[in-house]
Structures are given as structure tokens and as C-alpha cells.
Amino acid sequence: MKYIEKLPGFLQMILNISLFLVGLILSFLLLKETWSIFSYVFMYTEADKNYYEFTEELLVFFLYFEFIALIVKYFKTNFHFPLRYFIYIGITAVIRLIIVDHDDAQNTFWWSIAILVMVGSLLIANSKLLKRES
């Protein structure tokens, strides 16, 4: 019976270690993406620049940033993932998708409806009804 009582604590420790390692990997990738953005801005000539790729890299940078912020918030709020951070990540990911794949107007319309739904969800998540006491 003692082992069953200790299991949640052990699983929480494994989760925390795993999230810490994911945070380190994402931090490394964020630095790599930052270097890529700076090298693109300062080292490429005007003929070599593709602004769609630059925008895509910039949005990937923000995705890394948001995931790292989510992990930091997890540890600061006593092992809790705030819902609104997932919604922020979803909005950024769908915007990136629209920028990368905007050939079909109907798909772009549906993706923008998805953003509208997520913004509505964000308003509900930020309302006083769902806010958690810090």
C-alpha cells in the first residue's frame, strides 16, 4: 500500500524532470532560431532573401518562446498548465499555418474561423469564472 501512495509523487518527479529537459532543448532551439533570424537579417543580400521563409522562421521563434513560457509558468504555478497559454500557442500555430499554406482561399477561411473560435475561448478562459487564484 505504501508504494501506491508514493506513485503520484514519483510520476510527478518524472514529469518535472522531463519538462525541465524539454525546456532546455527548446531553449537551445530558440537560440538557434534567434541566430538564424539575425543571420538572415544582417548577412543575406537582398537577392537571397525570401520574406515568406523569414516570416515562417519568426513565427517558429514565437512558438518556441511560448512553449518555454508555458513550461516556466508550469513550475511557477505549482505544477499547473494555464489553459490560456495553450490557446496562445494554438493561435500562433494556426497563423503560421495560414502564412505557410495560403494557396486555397477556402482553407484559409476555415483556419481564420478557427482563430476566431480560439480568441473566443481565450475571452472565456480569461473571464472571472475560470480564473484561478494565484
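For reference, positions follow the sequence shown, starting with 1.
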Backbone N/O of Thr77 and side chain of His80: donor-acceptor pair under 3.5 Å: no
Inter-residue atom distance Met43.CE - Ser36.OG, 0.5 Å rounding: 10.5 Å
Kindly list each side-chain donor-acceptor pair under 3.5 angstrom involving residues 10-17, sequence neighbours excluded, with atom names and distances?
{"residue": "Gln12", "atom": "NE2", "partner": "Asn16", "partner atom": "OD1", "Å": "3.1"}
{"residue": "Gln12", "atom": "NE2", "partner": "Tyr74", "partner atom": "OH", "Å": "2.7"}
{"residue": "Asn16", "atom": "OD1", "partner": "Tyr74", "partner atom": "OH", "Å": "3.2"}
{"residue": "Asn16", "atom": "ND2", "partner": "Gln12", "partner atom": "O", "Å": "3.4"}

So CD1 of Ile71 and OG of Ser18: to nearest 0.5 Å the spacing works out to 10.5 Å
With rounding to the nearest 0.5 angstrom, report the CD1 to CG distance, Ile95 to Leu59. 7.0 Å
Kindly give the heavy-atom pair with the smallest separation between Glu66 and Tyr88, and that separation in Å. OE1-O, 3.4 Å
Quickly, which of Leu30, Val22, Leu24, Ile25 forms a side-chain contact (heavy atoms from CB on, under 4.5 Å) with Ile68? Name it, please. Leu30
For Glu56, enumerate each residue passing the salt bridge (Lys or Arg N to Asp or Glu O under 4.0 Å) test, keeping only those at least two apart in sequence or located in another chain. Arg96
With a 4.5 Å cut-off on side-chain heavy atoms, are Lys73 and Tyr85 touching? yes
Sole residue of Asp101, Val100, Val94 in side-chain contact (heavy atoms from CB on, under 4.5 Å) with Ile98: Val94
List, one per line, each side-chain donor-acceptor pair under 3.5 Å for residues 110-119, sequence neighbours excluded.
{"residue": "Ser112", "atom": "OG", "partner": "Thr108", "partner atom": "O", "Å": "2.9"}
{"residue": "Ser112", "atom": "OG", "partner": "Phe109", "partner atom": "O", "Å": "2.8"}

Not counting sequence neighbours, which residues clear side chain to side chain contact (heavy atoms under 4.5 Å, CB included) with Phe38? List them please. Thr34, Phe42
Can you tell me if Phe28 has over 12 outside heavy atoms packed within less than 6.0 Å of its CZ? no
Which atoms form the tightest heavy-atom contact between Ala125 and Leu83, and what is the distance? CB-CD2, 4.1 Å
Would you give the length of the straight line joining atom OH of Tyr51 to atom CG of Leu58, rounded to the nearest 0.5 angstrom? 13.5 Å
Separation between CZ of Arg84 and CD1 of Ile91, rounded to the nearest 0.5 Å: 13.0 Å
Sorted by chain and number, sequence neighbours left out, ring pair (Phe, Tyr, Trp, His ring centres under 6.0 Å) with Phe54 holds for Tyr40
Parallel, tilted or perpendicular: rings of Phe61 and Phe65 (30°, 60°): parallel
Phe20 atom CZ: more than 12 heavy-atom contacts under 6.0 Å: no
In the hydrophobic cluster built from side-chain contacts under 4.5 Å, what are the other members alongside Leu31? none
Within one Ile-Leu-Val-Met-Phe-Trp-Tyr cluster: Trp35 and Val41, side-chain cutoff 4.5 Å: no
